[in-house]
Amino acid sequence: GTDAPADIRTLGYFINHLSLNVNNLTRSIEFYTSVFGMRHMFTYHLTPRLSFTYLTHSAGGRNGTGYQTTQELIRDKNNAAGAIELVHFSPRDKKDIEGPKTRTGTFSHVGIIVPNPKATQERLKEFGVRIYKEVGAEMPTEGPLSNPFYLGDATNLSEEEFEEIRVGMGKLNMLNIFAEDPDGNLLEIQPAD
Ligand SMILES: *[C@@H]1O[C@H](CO)[C@@H](O)[C@H](O)[C@H]1NC(C)=O
Ligand SMILES: *[C@@H]1O[C@H](CO)[C@@H](O)[C@H](O)[C@H]1NC(C)=O
Ligand SMILES: *[C@@H]1O[C@H](CO)[C@@H](O)[C@H](O)[C@H]1NC(C)=O
């Protein structure tokens, strides 16, 4: 990237959260809290039908124990990076939100860092999480990873160009896990080192 400093007027800007539209709020809260140890910061009901939920990891805690109470998490809300917001709409007819029918889209994946991917992989299996690629495995030739990151038909590449990407992605992601959250969003799990 560039070594030039950012526009000084952007000092203090940072990405705080990404937001997912979820079909079943309970299911998504359970998934991200029990599988990945995120904490439920709050759920704000704008109306009986529309709610916003924030999940986050503790940000170190005040005393070095890595533990923060909910009050402390909330106080840190606008200082914390890496939060996930779950937007839940409860429609009149109870129909689920339709996801895209193909993997072509602008949303690619949620990236998560873990100290020990192999231990995490076992953990995902315990929770019955759908895994697309395990640590050390080749990139799959079927499913959402068969095309580079959901690009789907939008790529329209030749076989040679595709093969070049497949080989490169295989090497790049050798130590990574790819799995799925309850709404089918792709999760990329990388080792800390
Ligand atoms: C939502 O998820 C919870 C937890 O997984 C489950 O118990 C419940 O049956 C689900 N609700 C619907 C309407 O599927
Ligand atoms: C650290 O802070 C947490 C949250 O305030 C508190 O529950 C815990 O007892 C503290 N631990 C120590 C060792 O002071
Ligand atoms: C895909 O590429 C081929 C060959 O370059 C071209 O003829 C075709 O119009 C492209 N299709 C789309 C949908 O862009």
Side-chain angles (χ1 to χ4, degrees), residues 1-7 10 13-24 27-28 31-32 35-38 55-57 80-89 95-193:
T2 171
D3 283 336
D7 185 332
T10 63
Y13 289 17
F14 68 99
I15 294 185
N16 166 245
H17 66 274
L18 72 86
S19 180
L20 303 172
N21 291 322
V22 303
N23 283 309
N24 179 333
R27 185 177 65 170
S28 293
F31 179 82
Y32 282 104
V35 179
F36 291 106
M38 295 191 86
L55 306 177
T56 185
H57 283 106
I84 293 182
E85 177 190 31
L86 307 175
V87 178
H88 183 249
F89 178 65
K95 272 204 193 109
D96 277 357
I97 303 157
E98 288 279 324
K101 294 277 181 251
T102 67
R103 289 293 186 179
T104 307
T106 55
F107 178 77
S108 181
H109 60 274
V110 179
I112 300 169
I113 300 290
V114 300
N116 182 340
K118 282 205 169 137
T120 302
Q121 187 167 292
E122 290 316 304
R123 184 174 174 76
L124 297 180
K125 287 178 185 169
E126 276 170 38
F127 282 95
V129 176
R130 182 164 187 184
I131 299 176
Y132 286 112
K133 182 201 166 294
E134 299 197 359
V135 179
E138 298 290 328
M139 288 295 270
T141 52
E142 285 180 4
L145 292 169
S146 59
N147 281 316
F149 285 135
Y150 284 71
L151 292 177
D153 297 335
T155 50
N156 191 21
L157 300 177
S158 69
E159 253 321 300
E160 294 73 29
E161 288 170 312
F162 232 167
E163 189 54 21
E164 193 183 357
I165 288 178
R166 255 197 295 270
V167 170
M169 292 286 268
K171 287 180 182 160
L172 199 60
N173 289 297
M174 191 49 79
L175 298 177
N176 297 342
I177 302 167
F178 284 94
E180 194 175 72
D181 87 353
D183 292 289
N185 298 307
L186 201 59
L187 308 175
E188 179 187 65
I189 299 157
Q190 302 185 346
D193 56 0

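Computation of the quantities below employed the complete heavy-atom set of this structure, encompassing side-chain atoms and omitting hydrogens, waters and symmetry-equivalent molecules.
Interatomic distance, E134 CD to E122 CD, rounded to the nearest 0.5 Å: 7.5 Å. The CD1 atom of I84 sits 12.0 Å away from atom CG of N16, with the distance rounded to the nearest 0.5 Å. To the nearest 0.5 Å, atom CG of residue L55 and atom OH of residue Y32 are 8.5 Å apart. Here F31 contributes atom CZ and E180 contributes atom CD; the two are 8.5 Å apart, rounded to the nearest 0.5 Å. Atom-to-atom distance recorded for L18:CG and H109:NE2 is 10.5 Å, nearest 0.5 angstrom. With values rounded to the nearest 0.5 angstrom, K125 atom NZ is found 12.0 Å from T120 atom OG1.
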Notebook entry, point to check: Can you check side chain to side chain contact (heavy atoms under 4.5 Å, CB included) on L124 and I189, steps first, answer last?
Noted result: CA-CA 11 Å; L124 297 180; I189 299 157; 3.8 Å; yes
Checklist line | Derivation and outcome, side chain to side chain contact (heavy atoms under 4.5 Å, CB included), residues Y13 and D7 | finding: CA-CA 11 Å; Y13 289 17; D7 185 332; over 6 Å; no
Margin query: I'd like to know whether V129 forms a side chain to side chain contact (heavy atoms under 4.5 Å, CB included) with V35, so could you lay out the CA-CA distance, the side-chain angles of the two residues, the decisive distance to 0.1 Å, and finally the verdict.
Written below: CA-CA 9 Å; V129 176; V35 179; 4.2 Å; yes
Next item on the list: Take F89 and N21, measure what side chain to side chain contact (heavy atoms under 4.5 Å, CB included) needs, and give me the verdict at the end.
Entry: CA-CA 8 Å; F89 178 65; N21 291 322; over 6 Å; no
Next item on the list: Would you check, one step at a time, whether the test salt bridge (charged side-chain N to carboxylate O under 4.0 Å, His left out) holds for E163 with R166?
Entry: CA-CA 5 Å; E163 189 54 21; R166 255 197 295 270; 3.3 Å; yes
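Remark: E164 pairs with no residue by the side chain to side chain donor-acceptor pair (under 3.5 Å) rule, at least two apart or across chains.
For R130, the CZ atom counts as loosely surrounded, since its 6.0 Å shell holds 12 or fewer non-hydrogen atoms of other residues, nucleotides or ligands. Atom NZ of K118 sits in a sparse spot, with 12 or fewer heavy atoms from other residues, nucleotides or ligands closer than 6.0 Å.
Counting only distance, with no hydrogens or angles, the side chain of Q121 and the backbone of V135 share a donor-acceptor pair below 3.5 Å. In this structure, the side chain of H57 engages the main chain of F36 through a donor-acceptor pair within 3.5 Å. A donor-acceptor contact shorter than 3.5 Å is absent between the side chain of N23 and the backbone of D183.
Here the closest heavy-atom approach between residue L175 and residue P191 is recorded as O-CD, 3.8 Å. The minimum heavy-atom distance linking M38 with G82 is given by the pair CE-O, 4.0 Å. The two residues M174 and A137 come nearest to each other via the heavy atoms SD-O, 3.7 Å. Across E138 and K133, no two heavy atoms sit closer than the pair O-CG, 3.8 Å. Nearest heavy atom pair, residue T56 against residue A80, reads OG1-CB, 4.4 Å. For L186 against S108, the heavy-atom pair with the smallest separation is CB-O, 3.8 Å.
Within the 4.5 Å cutoff, side-chain heavy atoms of L20 are placed close to those of D181.
Sorted by first and then second residue, the salt bridge (Lys or Arg N to Asp or Glu O under 4.0 Å) pairs with a member in residues 106-115 form an empty list; sequence neighbours excluded.
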